[in-house]
Structure formats: C-alpha cells, structure tokens
Amino acid sequence: MPTETAPPLRAFVQLSYGYGATNWHTRWKKGEIPGINEPYAYGYYRAAGPGIVIAQSEDKVEGPLSRLVRYGVRFILGFDFVQAWRNRGGILSADVVWTHTEAQALAVLLLCRLTSGASHPPLIAQSVWLMDRWPHEPAWRCLLMRSLLSRADMLTFLSPENLAQARTIFPGQRMEWIPFGIRADEMTDHPAPRHAPGAPIQVLSLGNDRHRDWTTLITATSSLPADVTCHVTIATASLPPSAAHVTRVTPTHNDALFGLYDAADIVVVPLTHNLHASGITVIEEATLRGLPVIATDTGGLRHYFDGTCVFYVPVGDAQAMGHAIVTLACDPDRCARMVRNARERMHTCLNSKSYALRHVALSRELLSQRTSTTQAPMADAPSPAARNMKITVGIATSGRPDILRETIAELGRQTHQAHRIIVCAPTMQDMTGLTPSEGLILLQGPRGLAHQRNLLLRHMGDADIVVFFDDDFLPDPDYLAHCARAFAMDPDIVVATGRVLADGAKGPGLTVEAARDMLANPSVNDTPPLPAIQAAWNGYGCNMAYRLSSIASAGLRFDERLPLYAWYEDIDFSRQLGRQGRIVRVNGAKGIHLGSKSGRTPGRKLGYSQVANPLYLSRKGTFPLDHALRSIGRNMAMNAIRSLWPEPYIDRRGRIIGNWLAIRDAILGRISPEKMLTL
C-alpha cells in the first residue's frame with residue numbers, strides 16, 4: 001500500500017528590491033554581481049530538497065511613479081514596506097518566512113499587523129546593521145521597530161556581539177546566531193607572498209560598509225620600514241583619503257574583481273568598532289581565493305575565524321596593522337597555514353549550504369512548537385532532569401490568611417511536589433493557621449511586595465527554580481510538573497509564566513470554591529491545541545517562575561522603590577532577567593487567579609502607581625516608553641469612564657484622583673514611585 005508522506009515545508013525568503021529571484025539570477029549569469037555569489041541571493045535555495053520548497057521574493061518592474069511611491073514609503077518608515085506588500089501572496093501562504101536583514105523583517109511584520117485577519121506564518125527575522133544603528137535612530141522609529149520586532153517568532157544575527165546587544169533591547173525573545181557563509185564549491189590556489197627586497201607588497205582591501213577604516217589602513221601602509229614598499233588597492237564605491245601608493249577601483253564585473261584577488265599578496269580588512277561582523281564576506285572570499293587575511297579585531301569576527309586563520313589587529317592601531325603586513329609578507333609558511341585553517345572552517349561550517357540548512361532546522365523547531373499541544377509533553381514520563389528539578393514556591397502575602405491556607409493546601413496536590421514552600425508576610429497574623437515545618441517556611445518581612453519577594457529570594461537555598469505565586473492563585477495539579485519539564489528541556493529559558501484560565505482581578509473576584517470547580521471542569525481547564533511553549537513578553541506576577549542560577553549571575557533583586565502592591569514589579573524583574581535568555585509561556589502550567597479584593601492597595605495610592613511606576617520603569621529601561629504611555633492611557637481612560645458608574649469592589653474615583661496627582665507631579669518634575677506613600 002502507498003505510504004502517506006508529509007507535505008514539504010514551504011519557506012519564503014523576503015529580500016530587498018533588486019535581490020528578487022529572477023532579477024538576481026539574470027545579473028548573476030552575466031557576471032554583473034561582483035563577488036563569489038550564488039545563482040540566487042545568499043544561497044537560501046541550497047536548502048531546497050525533497051522535504052522543503054524554497055521560494056524567493058520577486059522584483060516588480062517599476063515606472064517612475066511607482067518607484068517614487070516605494071522610495072517615499074521607505075524614507076518615512078525606514079524600511080521597504082512596498083516590496084513586502086507586492087510579495088504578500090508568497091509571504092502569507094508560506095509555512096515559514098525568512099528575511100535577510102532587519103529592513104525586510106520590519107516590512108513583513110508590518111504586513112502581518114495590517115492583515116490581522118489572515119493566518120501568519122512564523123518569521124525568522126534576521127538583523128544585520130540594526131544594533132549598530134539603534135542609538136542613532138529617532139525615538140519614534142525605535143518605538144516602531146521595537147513594537148514590530150518584539151512580535152517576531154525568532155530574531156537571528158550574524159554576530160554574537162549583535163545578539164548580546166539585542167538582548168538589552170528585546171529581553172526574553174528567542175534569539176540565535178547563524179554564521180553567514182558564502183559559496184565554497186571551488187577554491188583557488190594562490191602562491192603565498194614572498195617579500196623580495198625592492199618588490200612592493202600588493203595589498204588588497206575591499207568593501208562599501210560604512211565601518212571600513214581606510215584612514216588606519218593608509219596610515220599603516222605609509223609608515224612601513226624604509227626597506228619595505230607597498231601598493232594598496234582599495235575596491236570601494238566610497239572615497240578613501242588619497243595617497244601616492246593607493247589606487248581606488250570600483251569593479252563592476254566578476255572578472256575584474258577576481259583579477260584584483262589574483263594580483264594581491266595579502267587582503268586587509270580595516271574596520272572601525274562595529275557589532276555585525278563587518279567584513280566577513282571579504283574574509284571568506286579571500287580564503288577561497290587562497291589569500292591570507294589581516295583584519296581588525298571587532299564585530300565578532302573571531303567567532304568565525306580564530307587567530308590561526310586570520311591575523312587580527314586592534315581597532316585603529318596603524319602600527320600593529322603595518323607590522324602585520326610586513327610579518328605575513330616575510331613568512332609564507334604562516335600564510336599557507338592560515339589559509340589552510342580558514343579553508344577547513346569553510347569546508348565544515350562557514351558556507352552557504354550550512355547557513356541555509358540552519359534556517360531549515362530553526363524553521364522545523366518553530367513549526368513543531370506551533371503544532372505541539374500542551375498535553376503532549378505530559379504523555380511521556382518526565383526526564384530525569386525534570387524529575388530532579390528542585391522547585392521552591394515563594395508566596396508574598398498580606399491580610400488574607402484564610403485564602404492563603406487554601407492556596408497552600410492546593411499546592412499539596414501537585415504531581416511534582418515543591419522542594420519547599422516559603423511564605424513571607426508583614427505579621428504572623430497574616431499567616432494564621434499555618435504551622436512551619438521542613439517543607440513550609442514562614443518569614444516575617446517589611447510590608448511591600450518587592451521587599452517580601454526579595455526576602456524570599458534570600459532563603460531559596462539549593463533550589464533550581466523559584467515559582468512566585470500570589471496568595472490567591474490556585475494552580476492546576478500539573479503546574480509544577482510542566483514548569484520543571486520546560487526548564488529542564490531548554491536551558492535558555494530563564495523566565496516562565498503559566499496560562500491563567502480565569503482571572504478574578506478583572507472582575508469582582510472569585511471564591512476558592514468557584515476556582516476549584518473550574519479546575520475540575522474540563523470545559524474550563526481545557527487542553528486546546530496551543531504550543532507547549534510560546535514566547536512571552538514578561539512574567540505575570542500572580543504566577544511566574546525563574547531560574548535561580550540566572551538570578552544569581554545577574555545579581556537581580558525586585559526594585560524596592562516600587563512600594564506596597566508594587567505595580568509592574570513583575571514586568572521590571574522579568575524583563576531584566578530576560579537579557580540572560582528566553583521569557584516563555586508554558587501553556588500546560590495552568591491555574592485560577594482569584595483576584596481577591598482584600599489586602600489591596602487603596603484606590604488613590606494605586607492610581608498614582610498606575611502613572612508613576614510605568615514612567616519610572618521607562619526611565620530605568622525595562623519598560624519601553626510606548627508601552628508605558630499605552631498603559632497609562634488605558635488605565636486613566638478606564639478609571640475616568642468607570643468612575644461615573646464605579647464597580648462596588650474598585651475605588652475608581654480614588655484611582656482617577658491618584659492618576660491626576662501623578663500627572664501633575666510628572667509635569668512639575670517631582671514624580672517618583674515612593675510618593676504614593678504620602679497620599
């Protein structure tokens with residue numbers, strides 16, 4: 001009988017205008033794209049095979065008006081949205097979308113935002129120059145880019161240094177380094193340089209990147225020893241400083257470019273400080289043409305080729321660069337070893353085939369996460385790592401001893417038992433009815449959620465994971481088991497939050513009996529076809545888990561400037577820790593938040609915090625300004641509208657007064673989170 005085979009994975013590659021499949025291939029066949037290039041841009045087509053189909057964006061023939069429109073939109077937004085719109089059919093019908101730079105990624109994400117009714121494939125959004133440009137972008141464009149890129153399924157980078165910088169801007173998002181490689185099908189032998197007295201050293205330098213440091217190169221080659229002469233050829237569209245021993249060329253055909261490589265002794269890649277592995281393509285091309293390379297040690301190039309493959313010099317050090325040129329010219333054996341070592345790297349992992357296949361592997365991972373259900377991970381026995389995961393539950397409480405006892409009782413039903421439960425309250429009366437034991441520790445600490453949670457952190461002992469539950473959060477019996485499995489499965493996860501089945505905080509609150517009925521009701525405590533793990537923006541304070549080793553390495557604590565109920569302390573803490581790894585939602589970790597109204601911060605004080613805390617966290621850098629302003633606007637609008645017909649369980653009028661007091665203080669420049677204590 002015929003066997004049923006899975007349909008192939010359909011990947012769509014969105015590239016800049018001018019890099020369309022037909023346009024590029026036509027120019028490539030004519031040799032009009034200088035460099036060791038692929039028949040189709042960047043070699044993504046090499047991933048194609050029986051199980052995967054690769055399609056690439058196309059360029060529409062433009063007239064003067066349509067070109068003007070596309071350029072105008074690109075000028076305003078900073079990326080070519082029109083090119084993505086023209087290719088929307090291929091983008092929206094694909095199983096996964098790949099982009100080569102942040103410009104295409106932003107355009108695809110905006111397209112998805114504007115076509116909210118359509119099904120959107122996961123996006124692997126690659127960034128090249130964005131982290132270098134970020135400090136120089138206008139604030140409004142940074143807000144736009146942050147808003148869009150935070151929705152990408154995965155951010156990828158060509159340099160680990162780029163990735164590290166992105167962690168500070170997009171903490172908690174899934175990020176990967178994908179080493180860039182070029183076509184390594186053929187390698188050309190080249191005689192190693194042998195410096196003969198009187199013969200000039202032929203130095204070649206190439207590139208149009210704004211991080212090329214022509215000044216240092218020319219200074220270095222102008223100050224060589226008296227018995228050494230040098231001729232420098234710079235292939236660039238920019239205009240370097242002039243010097244008698246320097247020739248500038250602009251090759252427009254491959255034959256001319258390869259002629260430059262053939263005539264050179266050494267390739268030098270001079271760079272200013274950058275984060276994006278500037279010059280990596282030139283280094284790889286020179287290696288394939290058999291030439292030794294000198295490069296400035298910046299941008300993460302060492303992650304591609306170490307010091308046995310490339311001769312590195314410090315940024316801006318003309319003397320070191322000149323010394324490197326003379327050293328290699330007089331040591332042909334070292335040059336041969338460098339080329340041999342670099343070629344071995346290109347054979348094994350730094351080539352376009354490896355680059356394309358890495359995209360395939362990440363795509364299959366994203367798609368498997370989308371199709372796996374929350375129930376699937378629990379079908380098999382937990383791994384030893386998950387079973388051995390020590391989870392300590394921390395509960396900060398105040399004024400709700402009856403509900404607290406019910407929550408503690410519910411934790412006793414967990415299929416993965418907590419290593420210990422630690423409760424912190426301002427007074428012992430807040431923990432009435434609880435008896436301390438080896439598995440239940442009772443602490444007294446200063447009033448305030450941030451203070452209490454910091455005291456809990458100081459008593460974690462040898463735990464692997466801390467799960468912070470509100471004293472009125474009733475977890476599903478498998479909550480901690482799912483949590484342990486997620487952290488054991490992926491060491492990059494540093495923050496996890498669960499799925500709230502019902503949230504009484506958005507209404508009058510729920511009783512313990514109602515919450516238990518919901519947990520027992522399959523129509524409420526359901527298992528919809530959600531991914532087992534999804535990216536999340538932050539941990540939700542009523543139920544959030546953290547890897548304690550990451551907290552320790554970051555030296556993090558909850559911000560005690562956020563007093564009492566500490567509005568948004570969960571966002572602040574989880575976004576900071578997200579710089580260490582991923583923030584996720586574990587959909588199998590479920591529970592009910594009662595949203596009890598006892599023990600809450602009074603309306604006027606909370607209203608002040610609704611404005612003061614987002615502004616404070618925005619200045620601190622853990623809450624983007626656009627998020628802060630939306631939060632303030634949303635809360636103020638709700639308080640103002642509902643103050644006309646207030647709910648009996650919310651002091652709306654007190655909150656709106658607090659909102660306006662905070663606005664006044666913000667205008668006068670004297671706002672701070674602590675001022676709510678004086679109201």
Do [X] and [Y] touch side chain to side chain, with heavy atoms closer than 4.5 Å?
X    : Y    : value
I76  : F81  : no
I533 : D490 : no
Q580 : S553 : yes
R74  : Q83  : no
N543 : D470 : no
W537 : I571 : yes
N525 : M518 : no
Q104 : H100 : yes

[atom1]/[X]: more than 12 non-hydrogen atoms of other groups inside 6.0 Å:
X    : atom1 : answer
W177 : CH2   : yes
W645 : CH2   : no
R604 : CZ    : no
R151 : CZ    : no
R585 : CZ    : no

Salt-bridged, [X] to [Y], with N to O below 4.0 Å?
X    : Y    : value
D651 : R655 : no
R413 : E410 : yes
D492 : R582 : no
R405 : D402 : yes
K390 : D464 : no
K675 : D665 : yes
D80  : R70  : yes

Using the side-chain hydrogen bond (donor to acceptor under 3.5 Å, both in side chains) criterion, which residues pair with [X]? Sequence neighbours excluded.
X    : answer
N639 : Q610, R652, N659
D570 : none
D559 : Y616, K620

Looking only at non-hydrogen atoms, find the nearest pair between [X] and [Y] and report the distance.
X    : Y    : value
C542 : V500 : SG-CG2, 4.1 Å
T99  : A125 : OG1-CA, 3.5 Å
S596 : I403 : OG-CD1, 3.4 Å
M636 : I656 : O-CD1, 3.7 Å
S398 : D430 : C-OD1, 3.9 Å
L149 : Q173 : O-NE2, 3.1 Å

Handout entry: Cation over ring face, R547 and F487, 6.0 Å, 45°
Key =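 No, a cation-pi geometry is absent between R547 and F487.
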Handout entry: Cationic tip of R88 above W85 ring, under 6.0 Å, 45° of axis
Key =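 R88 over W85 ring: yes.
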Would you confirm whether [X], through its side chain, and [Y], through its main-chain N or O, come within 3.5 Å as a donor-acceptor pair?
X    : Y    : answer
Q444 : P426 : yes
S150 : R146 : yes
T432 : Q429 : yes

Problem - Between H276 and H211, ring centroids under 6.0 Å - result: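 Yes, they do, as the ring centres are separated by less than 6.0 Å.
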Problem - Check: Y540 ring centroid to F473 ring centroid under 6.0 Å - result: no
Return the [atom1] to [atom2] distance between [X] and [Y], rounded to the nearest 0.5 Å.
X    : Y    : atom1 : atom2 : answer
E161 : Q165 : CD    : CD    : 10.0 Å
I583 : Q534 : CD1   : CD    : 14.5 Å
Q576 : S550 : CD    : OG    : 13.5 Å
C424 : L442 : SG    : CG    : 10.0 Å

Practice task
Taking side-chain contact (heavy atoms from CB on, under 4.5 Å) as the test, write out the residues that go with S618, two or more places apart.
Solution key: L625, A628
Problem - For A535, all residues meeting side-chain contact (heavy atoms from CB on, under 4.5 Å), sequence neighbours excluded - result: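 Applying side-chain contact (heavy atoms from CB on, under 4.5 Å) to A535 gives none.
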Problem - Test side chain to side chain contact (heavy atoms under 4.5 Å, CB included) applied to L449 and H451, R453, R447, the passing residue - result: R453
Handout entry: Sole candidate of I421, I422, L411 that passes side chain to side chain contact (heavy atoms under 4.5 Å, CB included) when paired with L440
Key =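 With L440 as partner, side chain to side chain contact (heavy atoms under 4.5 Å, CB included) holds for just one option, I421.
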Practice task
Apply salt bridge (Lys or Arg N to Asp or Glu O under 4.0 Å) to R113 and list each qualifying residue two or more places apart in sequence or on a separate chain.
Solution key: none
Problem - side chain to side chain contact (heavy atoms under 4.5 Å, CB included) evaluation trace for D472 with V512 - result: CA-CA 8 Å; D472 60 346; V512 173; over 6 Å; no
Practice task
Under the side chain to side chain contact (heavy atoms under 4.5 Å, CB included) rule, what do F469 and V467 come out as? Steps first, then yes or no, please.
Solution key: CA-CA 6 Å; F469 284 142; V467 176; 3.6 Å; yes
Problem - Side-chain donor-acceptor contact under 3.5 Å, D471 with T407 - result: no
Practice task
I would like to know whether F79 and T101 meet side chain to side chain contact (heavy atoms under 4.5 Å, CB included); could you show each step before the answer?
Solution key: CA-CA 10 Å; F79 53 86; T101 76; over 6 Å; no
Practice task
Determine the interplanar angle of the Y546 and F573 rings, folded into 0 to 90°, and report it as parallel if under 30°, tilted if 30 to 60°, perpendicular if over 60°.
Solution key: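 Plane angle over 60°, so perpendicular.
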